[in-house]
Asks: 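Sharing a structure below in structure tokens format, with a few things to ask.
When a residue number appears, it is its place in the shown sequence, counting from 1. Whatever order the structure lists them in is the order used to number ligands and atoms, beginning at 1. This structure is a prediction, so every number in the text was calculated from the model and none was measured.
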Amino acid sequence: MVKPFVPELVYIEPRALEYPLGRELKEKFEKMGIEIRETTSHNQVRNLPGENDFQKYRIAKSTLVVGVRKTLKFDTSKPSAEYAIPLATGCMGHCHYCYLQTTMGSKPYIRTYVNVEEVFDAAEQYMKERAPEETRFEASCTSDIVGIDHLTHSLKRAIEYFGESEHGRLRFVTKFAHVDHLLDAKHNGRTRFRFSMNADYVIKYLEPGTSRLDDRIEAAAKVAKAGYPLGFIIAPIYLYEDWKEGYRILFEKLQDKLPDYATKDLTFELIQHRFTKPAKRVIQKNYPMTKLEMDEEKRKYKWGKYGIGKYVYQKDEQEEMKNVLGGYINQYFPESSLEYFT
Ligand code: SF4
């Protein structure tokens, strides 16, 4: 069982101490005996330890920066929600394919924002703009928020905040099984709790540092029992030698462990593996021994934004993936819905 994340090093912005959560975290980390340093800005943490890039990257991924979120303009978050709600940035997981490696570039450390009330106020404005339409907020666009929430409880507050809202809904996805503190949150059914699931092979070889398959399934069952609407993102769908059987076993296990009532309003999102050329370079640098196959010749090129295209699977492979996984969804969870395949 992967243990709940404990940072090895903590940086705090002086301004963060003006907020109750900032002070609370400082006290907590002091009591835990973790080294605390000061940083003027969470955007520019200098003097991170480590003798080379490889070491620096690993140390950064176990470093937590406690800061104040200045930009309260939310990014859009298609196709799963209207907006991304910023509660944290970065992740302690080591998934080889993770997009954060390129989007966060030189700042792989984890940032948590203590001005949660201000973030909620901003969310309120976005909801007002769209009311009476509902507005969905995605809390895991730039981090695996569940993975650090046992320390901060900001996600828990967000769940309860949207639980009381009239027009807002919250959703997030995680690869971590440390969900116990979220089970008694007053969600009022307005938060969709999603788990990122995959064939055991993918979790084992490509997702180090995250909770293992059986632990995630167990956590999903607990979350279902706590009455949350549940969802699964199967991502990245990855074609390895025995993928059909690997994914079948995944569905079989899910069906076996989930309570029946949780399967009525269950959602699936399917995302095939893709990579860009810059991402491939970063992945090979950070995880030189990776088993992740990234052969441009075998893939289909898809034009992308800002001139950076991505390599997805060939058309016929995509069809097969859709058919095989779609087939499992129908077979094992006939009452669920497939939100998208991309
Ligand atoms: S758990 Fe998610 S955010 Fe964290 S490293 Fe893995 S893919 Fe990235």
Asks: For a distance under 2.8 Å, tell me if C95 has an N/O/S atom near atom 6 (Fe) of ligand 1.
Replies: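 Yes, since at least one N, O or S atom of C95 sits under 2.8 Å from atom 6 (Fe) of ligand 1.
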Asks: Within the 4.0 Å heavy-atom shell around L100, which atoms of ligand 1 are there?
Replies: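 The list of qualifying atoms is 3 (S).
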Asks: Report yes if the distance between the aromatic ring centroids of F275 and Y97 is under 6.0 Å, otherwise no.
Replies: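 No, too far apart.
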Asks: Among protein heavy atoms, which lies nearest atom 4 (Fe) of ligand 1, and at what distance?
Replies: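 Answer, as residue, atom name and distance: C91 SG, 2.3 Å.
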Asks: Quick check on contacts: which atoms of ligand 1 are under 4.0 angstrom from a heavy atom of D144?
Replies: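 Heavy-atom distances to D144 below 4.0 Å select 1 (S).
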Asks: Do F193 and F195 have ring centroids that are under 6.0 Å from one another?
Replies: yes
Asks: In the protein, what heavy atom is nearest to atom 2 (Fe) of ligand 1, and what distance, to one decimal place, separates them?
Replies: K175 NZ, 3.8 Å
Asks: Start with the C-alpha distance between E30 and K26, add both sets of side-chain angles, then the distance that settles salt bridge (charged side-chain N to carboxylate O under 4.0 Å, His left out), and finish with yes or no.
Replies: CA-CA 6 Å; E30 275 168 357; K26 181 165 185 267; 3.1 Å; yes
Asks: Could you identify the single nearest non-hydrogen protein atom to atom 8 (Fe) of ligand 1 and state the distance to 0.1 Å?
Replies: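 For atom 8 (Fe) of ligand 1, the nearest protein heavy atom is C98 SG, 2.3 Å.
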Asks: Centres of the F333 and F268 rings: under 6.0 Å?
Replies: yes
Asks: Just which atoms of ligand 1 are under 4.0 Å from any heavy atom in G93?
Replies: 5 (S)
Asks: So, do Y201 and Y205 have ring centers that fall under 6.0 Å from each other?
Replies: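 Between Y201 and Y205, the centre distance is under 6.0 Å.
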Asks: Say whether Y340 and E269, considering side chains only, have a donor N or O and an acceptor N or O under 3.5 Å apart.
Replies: yes
